[in-house]
Amino acid sequence: MALADSARGLPNGGGVSPAAGSGAPGSGAAAAATGGWSSFPEIVELNVGGQVYVTRRCTVVSVRDSLLWRMFSQQQPSELPRDSKGRFFLDRDGFLFRYILDYLRDLQLVLPEHFPERSRLQREAEYFQLPDLARRLAQTRAAAARPAVLHRDGSVCAEEPPPPLLGYLEAEPLEGGGGAVASAPSPTASRSPSGGPLLTPSQSLDGAGGRRSGYITIGYRGSYTIGREAQADAKFRRVARITVCGKTALAKEVFGETLNESRDPDRPPERYTARYYLKFNFLEQAFDRLSEAGFRMAACSSTGTCAFGPEQGGPADDKIWTSYTEYVFCRD
């Protein structure tokens, strides 16, 4: 194990040196100053943006001169910020940090097939000062920038350059029945391997006007407290999160950059998801976007429960109501 750690450039594998255990005066401080020994535990707990990760110290210091290497080899535990439970705290994107940690384990970049967060992950790599990872992400972004083509059979593939124009020429009879002239077909005349025309992801498979038909469900949880004076003492909580359920391509078309995909980042465009939510908390804003995209409300439902304040740690006379509401929108 010592040989493997030394091959990664980690002195003593992040463990305690014999000098530190001998109790020699000043030996621990001197060793820590040179990076030869650290008072960090072998297993470290990280709170990254609210997401908790548990890993070995030798993993977070595996890339020399990175931000994490300096934090956990050149500083002392007392110098780093911690959360209320004593975990080391990093104010960064907790969902994307799992890919940073995966890279630190074996220095390999492995991403899901459909991963739309490459630009944000590259920004995280630059923040943690991992130049090799940032360079690889820039290369994968360039490769993924090629537009996609959606076939009528539902398959999605990268767009390929069209064949020479001669391959598309078709003979059409002239008016009056004399001869024929070769002409290029319209863009919709190109065919997929299944025989149907090629469609871009923004076009509809069966809707009019180049728009997809389908359903999107908007849901939210809300709560409010009613005291002894009823409405005079009502305390409403803001909507914490608006969830989005439906086909991935439809959700991205309607909500665009306001859609948070971090809970389901690798969902293909033709698959369904119930894990998206919006980056804003105003229902009317979501309704406006759906209306502008041609959706209309088809149905809605709501459920509610009531609990007394003492059960929730509140005043004895308060009643706490919680509700969950869903709105179903459709576009023909």
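Every value quoted in this text rests on a predicted model; they were computed, and no experiment measured them.
For the pair R263 and Y276, the cation-pi test (distance below 6.0 Å, angle within 45°) is failed. Both the sub-6.0 Å distance and the 45° axial angle are satisfied by R241 relative to the ring of Y277. The cationic group of R82 does not satisfy the cation-pi geometry with F89, failing either the under 6.0 Å distance to the six-membered ring centre or the 45° limit from the ring axis.
Counting all heavy atoms, side chain and backbone alike, V48 lies closest to D93 at CG1-O, 4.0 Å. Nearest approach of V110 to Y99, heavy atoms of both residues: O-CD2, 4.4 Å. Nearest heavy-atom pair, L250 versus R212, reported as atom, atom and distance to 0.1 Å: CD2-CB, 3.7 Å. C330 and A298 make their closest contact through SG-CB, 4.1 Å (heavy atoms, listed as atom of the first residue, atom of the second, distance). What you find for R118 and P112 is that their closest heavy atoms are NH2-O, 4.4 Å. In terms of heavy-atom proximity, K247 sits nearest to P269 at CG-O, 3.6 Å.
Under 4.0 Å is where a charged nitrogen must lie from a carboxylate oxygen, and between E253 and R331 at least one such pair does. Taking 4.0 Å as the cut-off between side-chain N and carboxylate O, E117 and R120 count as a salt-bridged pair. Taking a cutoff of 4.0 Å between a charged side-chain nitrogen and a carboxylate oxygen, R289 and E284 do not qualify as a salt bridge. Ion pairing between a basic and an acidic side chain is recognised when a charged N comes within 4.0 Å of a carboxylate O; E261 and R267 show no such pairing.
Residues Y327 and L259 fall within the same hydrophobic cluster, defined by Ile, Leu, Val, Met, Phe, Trp and Tyr side chains chained together at heavy-atom separations under 4.5 Å. If you chain together hydrophobic residues whose side chains sit under 4.5 Å apart, F95 and L104 never meet in one group. By the rule that hydrophobic residues join a cluster once side-chain heavy atoms approach within less than 4.5 Å of another member, M71 and W69 end up as members of one cluster. By the criterion of side-chain heavy atoms lying less than 4.5 angstrom apart, applied directly or through intervening Ile, Leu, Val, Met, Phe, Trp or Tyr residues, Y272 is not grouped with F295; the two fall into different hydrophobic clusters. Cluster annotation: L80 is connected to V61 through the hydrophobic network of ILVMFWY side chains, with a link wherever side-chain heavy atoms come within less than 4.5 Å.
A side-chain contact (heavy atoms from CB on, under 4.5 Å) with L90 holds for exactly one of I100, L68, N47; it is L68.
Atom OG1 of T55 and atom CD1 of I43 lie 7.0 Å apart (nearest 0.5 Å). Here the CG atom belonging to N260 is positioned 11.5 Å from the CZ atom belonging to F280, to the nearest 0.5 angstrom. Remark: R57 CZ to F40 CZ distance equals 7.0 Å, nearest 0.5 Å. Atom-to-atom distance recorded for I216:CD1 and C245:SG is 10.0 Å, nearest 0.5 angstrom. Rounding to the nearest 0.5 Å places CG of L130 at 12.0 Å from CD of Q122. Rounding to the nearest 0.5 angstrom, the gap separating the CG atom in L278 from the OG1 atom in T243 is 8.0 Å.
If you look at F329 and Y215, their ring centroids are not closer than 6.0 Å.
Counted by atom type alone, D332 and S213 present zero donor-acceptor pairs between their side chains at under 3.5 Å. A donor-acceptor pair shorter than 3.5 Å cannot be found between the side chains of S302 and S323. Side chains of R98 and Q51: a donor-acceptor N/O pair is absent below 3.5 angstrom, by distance only. Counted by atom type alone, Y103 and D132 present one or more donor-acceptor pairs between their side chains at under 3.5 Å.
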Kindly indicate, with the supporting measurements, whether the criterion side chain to side chain donor-acceptor pair (under 3.5 Å) is fulfilled by Q76 and S39. CA-CA 7 Å; Q76 293 299 310; S39 56; 2.7 Å; yes
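Within 6.0 Å of atom CZ in R271, 12 or fewer heavy atoms from other residues, nucleotides or ligands are found, so the atom counts as exposed in its surroundings. Atom CZ of F282 has 12 or fewer neighbouring heavy atoms from other residues, nucleotides or ligands inside a 6.0 Å radius. The 12-atom threshold is exceeded at OH of Y324, counting heavy atoms of other residues, nucleotides or ligands nearer than 6.0 Å. For E79, the CD atom counts as densely surrounded, since its 6.0 Å shell holds more than 12 non-hydrogen atoms of other residues, nucleotides or ligands.
Below 30°, between 30° and 60°, or above 60°: for F128 and F97 the angle between ring planes is between 30° and 60°, a tilted geometry.
Considering only residues two or more places apart in sequence or on other chains, D102 meets the side-chain contact (heavy atoms from CB on, under 4.5 Å) condition with R105.
A 4.5 Å side-chain heavy-atom check between F88 and E45 finds every atom pair outside the cut-off.
Side chain of R70 to backbone of D65: a donor-acceptor contact under 3.5 angstrom is found.
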